[in-house]
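By convention in this document, chain letters (A, B, ...) are assigned in the order of the sequence lines, proteins followed by strands, and residues within each chain are numbered from 1.
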Protein chains: 4
Amino acid sequence: MARLKDENKRALILEASKTLFSKQGFFNTSISDIVKATNLPVGSIYTYFPSKDEIMKVIVEEGWKDLYDRLLQTVSSQESDESKLKAIIEKFLPEILKDVDLINILLSEAIAFTKIEEKIEVLSTMIYELIRSISKSKPTINGFNKRFIETALMVFFLGILNAVRLSRASSIDIKEADIIKFLKISIENSMDIKI
Amino acid sequence: MARLKDENKRALILEASKTLFSKQGFFNTSISDIVKATNLPVGSIYTYFPSKDEIMKVIVEEGWKDLYDRLLQTVSSQESDESKLKAIIEKFLPEILKDVDLINILLSEAIAFTKIEEKIEVLSTMIYELIRSISKSKPTINGFNKRFIETALMVFFLGILNAVRLSRASSIDIKEADIIKFLKISIENSMDIKI
Amino acid sequence: MARLKDENKRALILEASKTLFSKQGFFNTSISDIVKATNLPVGSIYTYFPSKDEIMKVIVEEGWKDLYDRLLQTVSSQESDESKLKAIIEKFLPEILKDVDLINILLSEAIAFTKIEEKIEVLSTMIYELIRSISKSKPTINGFNKRFIETALMVFFLGILNAVRLSRASSIDIKEADIIKFLKISIENSMDIKI
Amino acid sequence: MARLKDENKRALILEASKTLFSKQGFFNTSISDIVKATNLPVGSIYTYFPSKDEIMKVIVEEGWKDLYDRLLQTVSSQESDESKLKAIIEKFLPEILKDVDLINILLSEAIAFTKIEEKIEVLSTMIYELIRSISKSKPTINGFNKRFIETALMVFFLGILNAVRLSRASSIDIKEADIIKFLKISIENSMDIKI
DNA sequence: AATGAATGAGTCTTCATTCAT
DNA sequence: TATGAATGAAGACTCATTCAT
């Protein structure tokens, strides 16, 4: 009886919106743009989402959840803390760097739509615990407190994402491999470990 | 006289717009907002700038020029390459971190208004040359090519600016001192020098 | 059985709509509001009524019919003309004043949906005949023609209904008893009779 | 320098809106209707009024003020209380009955836009004081309290306005002269005076 | 018959820019 | 030159009605 809400349409709207928001920005993207991109009537956009804002919120929330789930999966697939850290750098990071649209949105407009700091805090703490656990026997890192290490992580995290983002948006030639390599060396140096 | 008065109005528009663009974003700021903030008639805005876009472009261009000039000044005020690098980190960086509005604009909306990559390329190259000169006698850095070092610089630069930006926009508690300290340690480590 | 169930739904829609139309006005009430109030699916509304307009029409027509039937009943339950008039004022009027929703609709939006003048003409004529019959032996009222008396009736009728309506919609404190008393005295005075 | 706001345009918008709101109702009148009726561009409507609601509010407020001012003028132009009352009935009332659009709006949609009860209270009290003053020496009216007389006034006031309103909206044939005559007789009867 | 997703014309309002004064 | 009213395309969103299931 009656048609059921079509999960494909919902996904289509989210996908098209994500691309548009990433390329043009949230405010520079009109519902009419989304209509053209999806080939759906205006009304249909509103049977799946109550507002343009809500589309953005869902993109951010679901995007982040997916990202975080993949991080947990990466971590839980490894035994030792060292291999966990290695997997984060060599498997998880390259994977998320592929979704430039999500990165773009997260780094630009997301602040207005979610408490991005809470999300980053979670991620930051998780990696900090890992590092602390690894470095227990190493004297190198012991001189630094939590806040300092989290600051470092934040700079790396934001630096890497923004570098990738900028390289796609402009003609700057940054290789993902170089970024990963740089991160690896930095961590190896500062923690005196070999990944 | 009348000329001076004009310059004041132009500056007033730029200043108010910079604040508004930074706080609310470009698209979310109306000419009417600028009118209210400057207490100037609408028409006057258009005698100084041909369009809203142009205001943004000028903010970015002049902001960048100012930033670059200050970098040149910092560098030229020092004798040795080591002290130049030291001054960049300890004098120039803290100084530009104060202009959060400019950083905000540069990192969010600027891409749509200027070839930001060209600007960053210039900055990156300058520091690279400095580093190469310092490290001539040091074996540590020799293994890395230009592209790799520039990638590292980019990650640091974008990471630092975005961390500061995020800490202002959200409740994340990041201390500027920690950022500077982190950068210093990283460079000392990777280049085997003492700043 | 199924027939009965249908009647219930029809009545439910009419009742909910009447309340909503009275409270919010016709244009300010959406089909979706009626859906929420009845807990019925949208489609069902349209199996019982061809359009939103039609719901309004039926409310007015059935409401009026009910009102007129009750008037006939009141009148036919009395023997003499004097007691008929007395019953209209003391039984019929207080009864219809209870259905404020219907009054509201009749006085505000009904004009656009039915020929309200025909309805009022019928009512007016009926009471005029009654008055004429009573006043045959009284000289007082003989000076007035039909049109004048009907005008008076109309002013009273509309005045009373609107006063009640306004007292419910605003904070004006009007007592139904005062209204009835006022009408009674006015008629007694002008017709020189005792009700 | 620059054009000044045009009082004529403001008046044109108010006039056209008043007619439309009266004929079609507020919610059934679109800004686009007002645009067509005034032959003004949409934007201009909004340079004179901040919203559709505000147009309605101004119509009600200015309409009421005008009406009240004329009442004061009528009253102050007469010496004795009797002639004041006479002037209200024979001069003021016929005059306001001409503005059927205003009456229509006041009686239908105004409730949602202003505290109509406060306005009516003012008017009612003024006439009550007049009546009380006149009837000091007459025993007839002394039996009635303030609330009762105000109820009577309300019924008359609303009855008269609505009767005129209905006679314009439908084909009911009500003569203004008959209404005035009816009111006069009623007052003469109940107060035992000759107007 | 029952259901509720689908539809798109229409709603109010905004706003960058122009131009009469 | 200075001013701010004039302009109308474009914005987000609504909603009565239809129709596929």
Side-chain angles (χ1 to χ4, degrees), chain A residues 1-10 26-35 39-55, chain B residues 2-3 5-6 9 26-35 39-56, chain C residues 2-3 5-6 9 26-35 39-56, chain D residues 1-10 26-35 39-55:
Chain A
M1 338 195 159
R3 279 159 281 189
L4 290 176
K5 260 187 194 162
D6 188 341
E7 198 48 46
N8 291 332
K9 278 188 195 163
R10 199 191 107 105
F26 178 76
F27 290 107
N28 209 24
T29 299
S30 67
I31 290 289
S32 157
D33 288 340
I34 298 173
V35 162
N39 222 16
L40 248 35
V42 212
S44 283
I45 307 292
Y46 285 88
T47 88
Y48 289 92
F49 298 92
S51 69
K52 193 183 157 192
D53 269 42
E54 192 60 24
I55 297 178
Chain B
R3 200 81 191 81
K5 204 176 155 203
D6 289 356
K9 279 189 196 166
F26 178 77
F27 289 106
N28 229 9
T29 299
S30 66
I31 291 288
S32 156
D33 287 340
I34 298 172
V35 163
N39 225 14
L40 249 37
V42 211
S44 282
I45 307 290
Y46 282 87
T47 79
Y48 293 94
F49 299 92
S51 70
K52 193 184 158 191
D53 272 39
E54 193 60 25
I55 297 178
M56 180 55 129
Chain C
R3 202 80 191 81
K5 203 176 156 201
D6 289 356
K9 279 188 195 166
F26 178 76
F27 289 107
N28 226 12
T29 299
S30 67
I31 290 288
S32 157
D33 288 339
I34 299 173
V35 162
N39 226 14
L40 248 36
V42 211
S44 282
I45 308 289
Y46 283 87
T47 79
Y48 291 95
F49 299 93
S51 70
K52 193 184 159 191
D53 273 38
E54 192 60 25
I55 297 178
M56 180 55 128
Chain D
M1 336 196 160
R3 279 159 279 191
L4 289 176
K5 259 185 196 164
D6 187 341
E7 199 48 47
N8 291 334
K9 278 188 196 163
R10 200 191 107 104
F26 178 76
F27 290 108
N28 208 24
T29 299
S30 67
I31 290 289
S32 157
D33 288 340
I34 299 173
V35 161
N39 221 18
L40 248 37
V42 213
S44 283
I45 307 292
Y46 285 88
T47 88
Y48 289 91
F49 299 93
S51 69
K52 193 184 156 192
D53 269 42
E54 192 61 25
I55 296 178

Using whole Å, what does the distance between atom [atom2] of nucleotide [N] and atom [atom1] of [X] come to?
X	N	atom1	atom2	result
A/I45	E/dA6	CD1	C1'	12 Å
A/E7	E/dA5	CD	P	13 Å
A/K5	E/dG4	NZ	C1'	9 Å
D/R10	F/dG4	CZ	C1'	18 Å
D/N39	F/dA6	CG	P	14 Å
A/R3	E/dA5	CZ	P	10 Å
A/D6	E/dA6	CG	P	7 Å
A/N28	E/dA16	CG	C1'	14 Å

Can you tell me if the side-chain N/O atoms of D/K9 get under 4.0 Å from OP1 or OP2 in F/dA6?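 The answer is yes; a side-chain N or O of D/K9 sits under 4.0 Å from OP1 or OP2.
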With a 4.0 Å limit, can you tell me whether A/S44 has a side-chain N or O closer than that to the phosphate oxygens OP1/OP2 of E/dA5?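 For E/dA5, neither OP1 nor OP2 has a side-chain N or O of A/S44 closer than 4.0 Å.
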Using the test side chain to side chain contact (heavy atoms under 4.5 Å, CB included), find all partners of B/D33 that sit at least two apart in sequence or belong to another chain.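 For B/D33 the side chain to side chain contact (heavy atoms under 4.5 Å, CB included) partners, ignoring immediate neighbours, are B/L20, B/Q24, B/T29, B/S30, B/K36.
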When rounded to the nearest 0.5 angstrom, what is the spacing between OH in A/Y46 and CD in A/E54?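 Going from the OH atom of A/Y46 to the CD atom of A/E54 covers 12.0 Å.
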Enter the distance from C/N39:CG to C/K9:NZ here, rounded to the nearest 0.5 Å.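 The distance works out to 11.5 Å.
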Could you work out which one of E/dA2, F/dA5, F/dA2 sits closest to the side chain of C/T47?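 Of the candidates, E/dA2 comes closest.
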Under 4.0 Å protein heavy-atom contacts per nucleotide of nucleotides 12-17 of chain F, with B for base, S for backbone only and - for none: SBB-SB
Are C/F26 and D/N28 close enough that some pair of their side-chain heavy atoms sits under 4.5 Å apart?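 Not in contact.
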Considering every strand and a 4.0 Å limit on heavy-atom distances, what is the contact class for D/F49: base, sugar-phosphate, or nothing?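 Nothing, no heavy atom under 4.0 Å.
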Secondary structure string for DNA chain E (Watson-Crick or G-U under 3.5 angstrom, | for other-strand pairs): .||||||||||||||||||||
Does D/D6 offer a backbone N or O that forms a donor-acceptor pair with the side chain of D/Y48 under 3.5 Å?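 Answer holds: yes.
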